[in-house]
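Before any comments, here is the structure.
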2 protein chains.
Amino acid sequence: MKSIPQRAASIGAQLHQALRDAIVRAELKPGTALSEAEIAVRYTVSRQPVREAFIRLAQEDLVEIRPQRGTYVKRIVMADVLDARFVREAIEVAVAREAALKADEPAIERLRATLRAQGAASGNAEFLAADEAMHHEIALIAGREAAWRVVDQVKAQMDRVRYLSYTNVSPAERLIAQHGEIVEAIAAHDADAAEAAVRTHMAEILLQLPQLAAQYPEMFEF
Amino acid sequence: MKSIPQRAASIGAQLHQALRDAIVRAELKPGTALSEAEIAVRYTVSRQPVREAFIRLAQEDLVEIRPQRGTYVKRIVMADVLDARFVREAIEVAVAREAALKADEPAIERLRATLRAQGAASGNAEFLAADEAMHHEIALIAGREAAWRVVDQVKAQMDRVRYLSYTNVSPAERLIAQHGEIVEAIAAHDADAAEAAVRTHMAEILLQLPQLAAQYPEMFEF
DNA sequence: CTCAACTAACTTGTATGGTAGTATAGCAGC
DNA sequence: GCTGCTATACTACCATACAAGTTAGTTGAG
């Protein structure tokens with residue numbers, strides 16, 4: 001871990017990261033009005049970097065810029081979440097199949113390690129981080145880092161939903177068990193089983209969605 | 001076609017669109033140095049909107065902004081093209097399967113119409129536009145507009161390759177025949193056949209890539 | 001009381017000046 | 001001829017000022 005000086009990222013980029021996190025974690029609630037000027041004074045920077053961060057966020061569909069009117073945290077649109085799920089399933093199925101073919105012993109051990117880490121996680125945020133690490137690791141094993149970046153972008157819409165409830169609707173053990181099946185399928189180099197396990201896992205969010213939409217209606221659209 | 005006044009998009013957004021087109025069509029060659037100031041005078045606007053357009057392009061991996069150094073049109077990275085292909089295949093396979101299940105008679109007729117339009121297309125740009133229309137139509141039939149937006153973004157890396165050669169390596173008849181198979185599979189509501197046809201079609205670019213990389217080495221990296 | 005017009009306080013969009021970091025060409029010294 | 005410093009001409013980045021559009025509230029006429 002030789003993290004050399006590494007020129008600090010531009011203010012605009014830092015802001016983008018910070019705001020993105022806040023939106024995904026629902027600290028900035030859907031529908032909230034942002035304002036270049038307001039954010040600028042809060043972070044004691046000029047409006048320009050804030051504006052640039054907004055542009056990045058708009059391109060990720062996390063905020064909506066309405067010219068001369070204001071910039072708003074996008075409400076969670078049911079259809080968008082379902083579409084994100086669809087895309088994510090398609091990509092992750094293909095990734096998992098490749099991982100099942102390519103996985104060697106050390107790779108499998110790394111997967112099992114992330115599984116144990118997730119079991120030991122305490123708290124919602126930590127659990128979700130471990131969840132993400134697991135999926136990311138599979139992509140790395142398949143040698144599809146770029147594909148993971150697409151998934152990472154798309155799944156922001158899904159994560160917003162997951163962060164809504166501190167105690168997830170789906171119990172942790174259930175999700176960990178699903179992860180276990182994926183890992184074992186990959187370890188067995190069984191691509192079909194891996195595909196099936198991923199599809200089952202990806203269907204899980206469908207169970208949470210209606211309940212959360214009923215619980216937080218002001219955050220959803222439609 | 002009632003194109004109401006429709007507030008003109010911001011200069012930054014217009015520039016983004018224009019530059020994106022120019023890059024994908026290889027009018028701006030890979031490796032070219034851009035410059036906020038230079039583009040600004042060329043379009044007679046200030047540097048700020050140019051800067052914002054650059055940020056958008058950077059997020060799409062079409063340019064690389066090197067702080068205090070310059071902004072460059074990204075070279076075509078072989079691995080990126082292959083990854084884009086991988087993601088696109090994963091998504092379009094899933095989309096085609098859904099389309100095969102959902103397609104009704106008028107939808108099938110629209111597909112056949114795009115096929116005829118492609119046969120009548122003259123010139124490379126027109127042909128590629130028809131190609132894109134075909135894939136887009138399938139996504140619309142499946143009701144996966146959002147998924148198509150992801151494909152559209154990812155496939156920019158592939159289109160850059162396709163625009164390199166005015167006479168595509170793969171003859172038009174061959175590609176049209178492949179499209180025909182996809183359409184007929186969807187018309188027959190045969191999801192498995194549709195999947196197979198899409199995978200065959202997506203493999204086509206793999207044949208062009210090595211030849212083009214050899215022909216235009218200065219545009220590639222690695 | 002009703003409603004239209006004006007005003008004031010917002011919003012994002014654009015232009016411009018200045019700053020700091022980077023690359024390069026030229027010159028001095030060896 | 002080669003190396004190392006220095007001036008200079010770039011670059012992206014940030015701050016600030018101004019412009020133009022939107023919205024809400026207030027005021028005044030009917």
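Letters go in sequence order (proteins before strands), and every chain restarts at 1.
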(request) Give the minimum heavy-atom separation between A/Glu98 and A/Ala142, together with the two atoms involved. (result) OE1-O, 3.2 Å
(message) Can you see whether A/Phe86 has B/Arg144 sitting over its ring - NZ or CZ less than 6.0 Å from the centre and within 45° of the normal?
(response) yes
(message) I need the minimum non-hydrogen distance between A/Val73 and A/Leu28, along with the two atoms involved.
(response) CG1-O, 4.1 Å
(request) Between D/dT11, D/dC14, C/dG13, spot the one nearest the side chain of A/Ser10, thanks. (result) D/dC14
(request) Would you mind reading off the distance between B/Arg51 atom CZ and D/dT11 atom C1', rounded to a whole angstrom? (result) 11 Å
(request) Output yes when a side-chain donor or acceptor of B/Arg85 lies under 3.5 Å from a complementary backbone atom of B/Leu206, and no otherwise. (result) no
(request) Calculate the interatomic distance between B/Glu52 atom CD and D/dA12 atom P; express it in whole Å. (result) 14 Å
(message) On the nucleotide C/dT11, are OP1 or OP2 found under 4.0 Å from the side-chain N or O atoms that A/Thr71 carries?
(response) no
(message) Could you tell me how far apart A/Glu36 (CD) and D/dA15 (P) are, to the nearest whole angstrom?
(response) 13 Å
(message) Using the side-chain heavy atoms of B/Ile11, tell me which of these nucleotides is nearest: D/dC13, C/dT12, C/dT14.
(response) C/dT14
(message) Is it the case that atom NZ in A/Lys102 sees more than 12 heavy atoms from other parts of the structure closer than 6.0 Å?
(response) yes
(message) Less than 4.0 angstrom from a charged side-chain N to a carboxylate O is my criterion; do B/Glu36 and B/Arg51 meet it?
(response) yes
(request) Report yes if a donor N or O on one partner sits less than 3.5 Å from an acceptor N or O on the other, where the partners are the side chain of A/Gln68 and the base of D/dT22; otherwise report no. (result) no
(request) Please work out which residues in residues 38-50 of chain B have a non-hydrogen atom less than 4.0 Å from an atom of DNA chain D and list them by number. (result) B/Arg47, B/Gln48
(message) Can you measure B/Leu57 atom CG to D/dA12 atom P for me and round it to whole angstrom units?
(response) 13 Å
With 3.5 Å as the limit, what N/O pairs link the protein to nucleotides 23-25 of chain C?
residue : atom : partner : partner atom : Å
C/dA23  : OP1  : B/Arg69 : NH1          : 3.3

(request) May I ask you to decide if B/Asp61's main-chain N or O and B/Gln157's side chain share a donor-acceptor pair within less than 3.5 Å? (result) yes
(request) May I ask you to say what B/Leu34 touches in the nucleic acid, namely base, sugar-phosphate or nothing, with a heavy-atom cut-off under 4.0 Å? (result) sugar-phosphate
(request) To the nearest Å, give me how far apart CD1 (B/Ile55) and C1' (D/dC14) are. (result) 12 Å
(request) Please report the closest heavy-atom contact between B/Gly12 and B/Arg56, naming both atoms and the distance. (result) C-NH1, 4.0 Å
(request) Indicate yes or no: does B/Glu132 engage B/Arg88 in a salt bridge with an N to O separation below 4.0 Å. (result) no
(message) OP1 or OP2 of D/dT11 versus the side-chain N and O atoms of B/Ser35: is any pair under 4.0 Å?
(response) yes
